[in-house]
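Data first, discussion second: the structure below is written as structure tokens.
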Amino acid sequence: MFLQFKEQVTSILDNAIKSAGFEVDDIVLEPSPHADIASRAAFGLASKAKQNPKDIAEKIAAAVTIPDGSYVEKIGTTGPYLNITASRKYVDETVVRIRDEKTGFGGGFCTGSIMMEHTSANPNGPLHVGHIRNSVIGDTLTRILKHAGYDVEAQYYVNDMGRQIAIVSWALSQFEFDKSKKSDHAIADVYIKANADLEEHPEKVAEIDKLMQLVESGDDATINSFDEAVSLAVSGIRKTLLRMNVIHDKFVNESNFIRNGAVSRIVDEIKATGRTEIDKGALVVDLSDYGFEKTLVIQRTDGTSLYTTRDLAYHEWKGEQAERMIDVLGADHKLISGQLKATLNAIGKPEPEIVIFEFVSLPEGSMSTRRGKFITSDDLFDQIEEQAYIEVEKRRPEMTNEFKKEVANVVGMGAVRYDIVKVSPEKSTVFDWKTALDFEKQGAPFIQYAHARACSILKKAEDDGIWDSDTEVDPSVLVEDTEVALIKKMALFDKVIDQSARELKPHIFAIYARELADAFNQFYRFVPVISAEEEDMRTNRLALVDCARIVLANTLDTLGIGAPEAM
RNA sequence: GGUCCCGUGGCUUAGCCAGGAUAUAGCAUCGGGCUUCUAACCCGGGGGUCAAGGGUUCGAAUCCCUUCGGGAUCGCCA
């Protein structure tokens, strides 16, 4: 809705600038606390026209012609700023469209296909609290892009043949696997033991090297033992992801690209560019013209491939299937992903767009699966749900145990996701239990509570026989400040989807979610709905509550957070 | 040592890419509000040299340089 408003503003201002005798440049529309949208076009025009920006703004405002039926009410000035106010029609139509379009409101304006890759943690243990930053960012982005209209396929790239997996496979033959534990946790146990053992007895490393050569040459027994190790870890990881409501359409195994010959084909393609040479027995690529001083190794001395080599083949394959590729990766992948892009570019293949997030560390240092220094996501989820249960117990002691458990689950998982997604990915963070388990006031529960309130009002109205969602309404009677503010906030939905999809920044959307809930809560406190004096007013306010319910549910769904009807 | 990211009230954080109107919120703190649709809420107060220094500009949290602090990374791990 806001996108259409913005388009109209652009066209009106373009015309006004022209008829005021200036040359149209960038009209620089920006949000403003003083208007529905503001332009500081006058600043830019001032230097060119050698006039005072304030005079320019006034001349432009005087030249404004607003067509009938516009979403624009008026364009005024405050000093050099052009302040644009939306019309009543804009407000009314927002209500009508939300009721018509429901979950489709504010979306579907983009087209194209995207391959999204996220999480892709090594199957050598459970997801820890750092990995899920990747999952939450990736899954939220997927949801945002889908809402914008893109056809998105989310993939988990499974490293089923790296050195770590060779160690896991070897570990399973050396140490006892605890079947009573969740499989990914039990895998981590033997993996940690194996690493300690290898450190103590370096001569055993040769056994790992041997396994890697066997798997790459296609030895069935070795491949099967790798598969077994990987599937134990992956099945546990999938349970964790499911619990967070993170959805992958496909799990793609790295080994596919060895077995179908794609890796050796791409190595040949790279060789054909004349960029490769043998350096100390390894095959390396020269990417100095892309700004990389050091060469990139794509084949070990023993002829086996590396992660990067397989990743090149994977990206070549993805690039054939979709118009865009997006990878969500940790900060440790900055350099390697740049080299990957350069290499793909050098052989004339499409490159992925990379979303980097900074690390989550522990107070005592960075996390490491190998050394057993990590906090598992499963532990975090268990504890937060326990904490959430206590909160529900406090507030709704009269409800059934089943209700409390359900709410604790939806509130707990929502809190985890929201806490992660609300922070811009370039901030590195330190995990600590105290803040992780603290239900921050304006976090997920705040947004979920707003939704539950809306549902509760509608339910009561339905029970009282005063509300039917098919009722025709006339939103023009909704004139209270908090009502208009709420409607205008809902109208921004498309703009926020558009911006976060364009910039690949899910935190922008998370912040909007909080503001939307805030606008609803203020309306709720200030304006009576069911107890409104006139019937007409009551009906229209109920319609507004219904709109808020729809947009809040939409917003929560886009964040991958449950929208409880009661809590 | 080179490269990249971050540094905003006691704590967490938006804004920075596309420089402009009193720097955004939350937590904590102080005060007010439930006989009225769920108070996981609402209203108000106090609290900021936007790490430091320099530069560009009519104008810098935002752009450039230097320094300091934290994180990441620098070929046969991923």
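Chain letters run A, B, ... following the sequence lines, proteins first and then strands; every chain starts at 1.
- Residue R310(A) has a polar side-chain atom (N or O) positioned under 4.0 Å from OP1 or OP2 of A78(B).
- Using a 4.0 Å heavy-atom cutoff across all strands shown, G162(A) reaches sugar-phosphate atoms only and no base atom.
- Among A39(B), A72(B), A21(B), the nucleotide with an atom closest to any side-chain atom of T78(A) is A21(B).
- Glycosidic conformation at G75(B) (O4'-C1'-N9-C4 for purines, O4'-C1'-N1-C2 for pyrimidines): syn, within 90° of 0.
- Mapping K422(A) and D438(A) onto RNA chain B by nearest heavy atom places K422(A) at the nucleotide closer to the 5' end.
- Using N1 to N3 plus N6-O4 or O6-N4 for Watson-Crick, or N1-O2 and O6-N3 for G-U wobble, each under 3.5 Å, U24(B) pairs with nothing.
- Judged purely by distance below 3.5 Å, without hydrogens or angles, the side chains of N124(A) and Q164(A) never pair a donor atom with an acceptor atom.
- Protein atom CG of L127(A) is 16 Å distant from nucleotide atom C1' of A78(B), rounded to whole Å.
- Comparing the same atom, P, in G69(B) and in A51(B) gives a spacing of 16 Å after rounding to whole Å.
- Residues F446(A) and Y449(A) have side chains not in contact (no heavy-atom distance under 4.5 Å, counting atoms from C-beta outward).
- Comparing the same atom, C1', in G7(B) and in U62(B) gives a spacing of 15 Å after rounding to whole Å.
- Contact of N83(A) with A21(B) (side chain to base): a donor-acceptor pair of N or O atoms is detected under 3.5 Å.
- The nearest whole Å value for the distance from the NZ atom in K505(A) to the P atom in C16(B) is 7 Å.
- Between D518(A) and K489(A) there is no salt bridge, since none of the side-chain N atoms of the basic residue sits less than 4.0 Å from a carboxylate O of the acidic one.
- Within the nucleic acid shown, D279(A) comes within 4.0 Å of at least one base atom, counting heavy atoms only.
- Out of C77(B), C6(B), G15(B), the shortest distance to the side chain of H507(A) is found at G15(B).
- Taking 4.0 angstrom as the limit, S366(A) places none of its side-chain polar atoms (N or O) nearer than this to OP1 or OP2 of G71(B).
- Considering only side-chain atoms of R395(A), the nucleotide from U38(B), A40(B), C42(B) that sits closest is A40(B).
- Taking the 5.5 Å centre cut-off and the 30° plane limit, the aromatic side chain of F43(A) is classed as stacked on G20(B).
- Residue contacts shown for R163(A) are limited to sugar-phosphate atoms, with no base heavy atom under 4.0 Å away.
- Judged purely by atom type and a 3.5 angstrom limit, D160(A) uses its side chain to pair as donor or acceptor with the backbone of S255(A).
- OP1 or OP2 of C43(B) sits under 4.0 Å from a side-chain N or O of Q522(A).
- Contact between the side-chain N/O atoms of S456(A) and the OP1/OP2 oxygens of C37(B) is not found at any separation under 4.0 Å.
- Using the Watson-Crick or G-U wobble rule with both distances under 3.5 Å, A72(B) pairs with U3(B).
- Counting non-hydrogen atoms under 4.0 angstrom, I511(A) reaches the backbone sugars and phosphates but no base.
- Across C41(B), A78(B), U22(B), the shortest atom-to-atom separation from the side chain of N159(A) is found for A78(B).
- If you take CZ of R40(A) and P of A18(B), they are 12 Å apart, rounded to a whole angstrom.
- Using a 4.0 Å heavy-atom criterion, one finds that V392(A) contacts the bases of the nucleic acid, with or without backbone contacts as well.
- Counting non-hydrogen atoms under 4.0 angstrom, L283(A) reaches nothing in the nucleic acid.
- By the 6.0 Å and 45° rule, R453(A) stacks over the aromatic ring of Y524(A).
- In this structure, A38(A) reaches the bases: a heavy-atom distance under 4.0 Å links it to at least one base atom across the strands shown.
- Across G44(B) and A61(B), the matching C1' atoms stand 28 Å from one another, rounded to whole Å.
- Remark: P of A78(B) and CD of E117(A) are 15 Å apart, rounded to the nearest angstrom.
- Comparing G45(B) with G54(B), their P atoms are spaced 35 Å from each other, to the whole Å.
- A452(A) comes within contact range of at least one nucleobase, with a heavy-atom separation under 4.0 Å.
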Could you walk me through whether F257(A) and I266(A) satisfy the side chain to side chain contact (heavy atoms under 4.5 Å, CB included) test, starting with their C-alpha distance in whole Å, then the side-chain angles of each, then the deciding distance to 0.1 Å, before giving a yes or no?
CA-CA 10 Å; F257(A) 303 98; I266(A) 208 158; over 6 Å; no

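- Taking 3.5 Å as the limit, the base of A21(B) and the side chain of S32(A) contain a donor-acceptor pair of atoms between them.
- Under 4.0 angstrom from either OP1 or OP2 of A39(B) there lies at least one side-chain N or O belonging to Y524(A).
- The C1' atoms of C50(B) and C34(B) are separated by 40 Å, rounded to the nearest whole Å.
- Comparing C17(B) with A28(B), their C1' atoms sit 33 Å apart, to the nearest whole Å.
- Taking atom C1' in both U49(B) and G2(B), the straight-line distance is 33 Å, to the nearest Å.
- Here K495(A) does not pair with D498(A) in a salt bridge; the nearest charged N to carboxylate O distance is not below 4.0 Å.
- Side-chain proximity of E254(A) to A78(B), G20(B), G71(B): nearest is A78(B).
- Note on E533(A) versus R538(A): no salt bridge recorded, every NZ/NE/NH1/NH2 to OD/OE distance being 4.0 Å or above.
- Residue contacts shown for A331(A) are limited to sugar-phosphate atoms, with no base heavy atom under 4.0 Å away.
- If you measure from atom CZ of R514(A) to atom P of U13(B), you get 14 Å, rounded to the nearest angstrom.
- Nearest heavy atom pair, residue P363(A) against residue V430(A), reads N-CG1, 3.7 Å.
- Between R525(A) and C41(B), a side-chain N or O to OP1/OP2 separation shorter than 4.0 Å is absent.
- Among the heavy atoms of the strands lying under 4.0 Å from R396(A) is at least one base atom, whether or not backbone atoms are also near.
- Residue contacts shown for V360(A) are absent, as no nucleic acid heavy atom lies under 4.0 Å away.
- Nucleotide U35(B) forms no Watson-Crick or G-U wobble pair with any nucleotide shown, as no partner meets the under 3.5 Å limit on both distances.
- Between R453(A) and U38(B) there is no side-chain N or O to OP1 or OP2 distance below 4.0 Å.
- Remark: K427(A) is not in phosphate contact with C6(B), judged by side-chain N or O atoms under 4.0 Å from OP1 or OP2.
- Using a 5.5 Å limit on the distance between ring centres and a 30° limit on the angle between planes, the aromatic ring of F359(A) does not count as stacked on the six-membered base ring of G71(B).
- Taking the P atom of each, G19(B) and U57(B) are spaced 16 Å apart, rounded to whole Å.
- Within the 4.0 angstrom heavy-atom criterion, no nucleotide atom of any strand lies near V28(A).
- When the side-chain nitrogen and oxygen atoms of Y307(A) are compared with OP1 and OP2 of A78(B), none of them lie within a distance under 4.0 Å.
- Here V430(A) lies out of heavy-atom contact (under 4.0 Å) with every strand.
- Counting non-hydrogen atoms under 4.0 angstrom, A450(A) reaches nothing in the nucleic acid.
- Residue E503(A) is the one, among M567(A) and E503(A), whose nearest nucleotide of RNA chain B lies closer to the 5' end (criterion: closest heavy atom).
- Remark: G53(B) base-pairs with C65(B); criterion is Watson-Crick or G-U wobble with both hydrogen-bond distances under 3.5 Å.
- Without hydrogens or angle criteria, D184(A) side chain to A233(A) main chain gives no donor-acceptor distance under 3.5 Å.
- Taking 4.0 angstrom as the limit, K334(A) places none of its side-chain polar atoms (N or O) nearer than this to OP1 or OP2 of U3(B).
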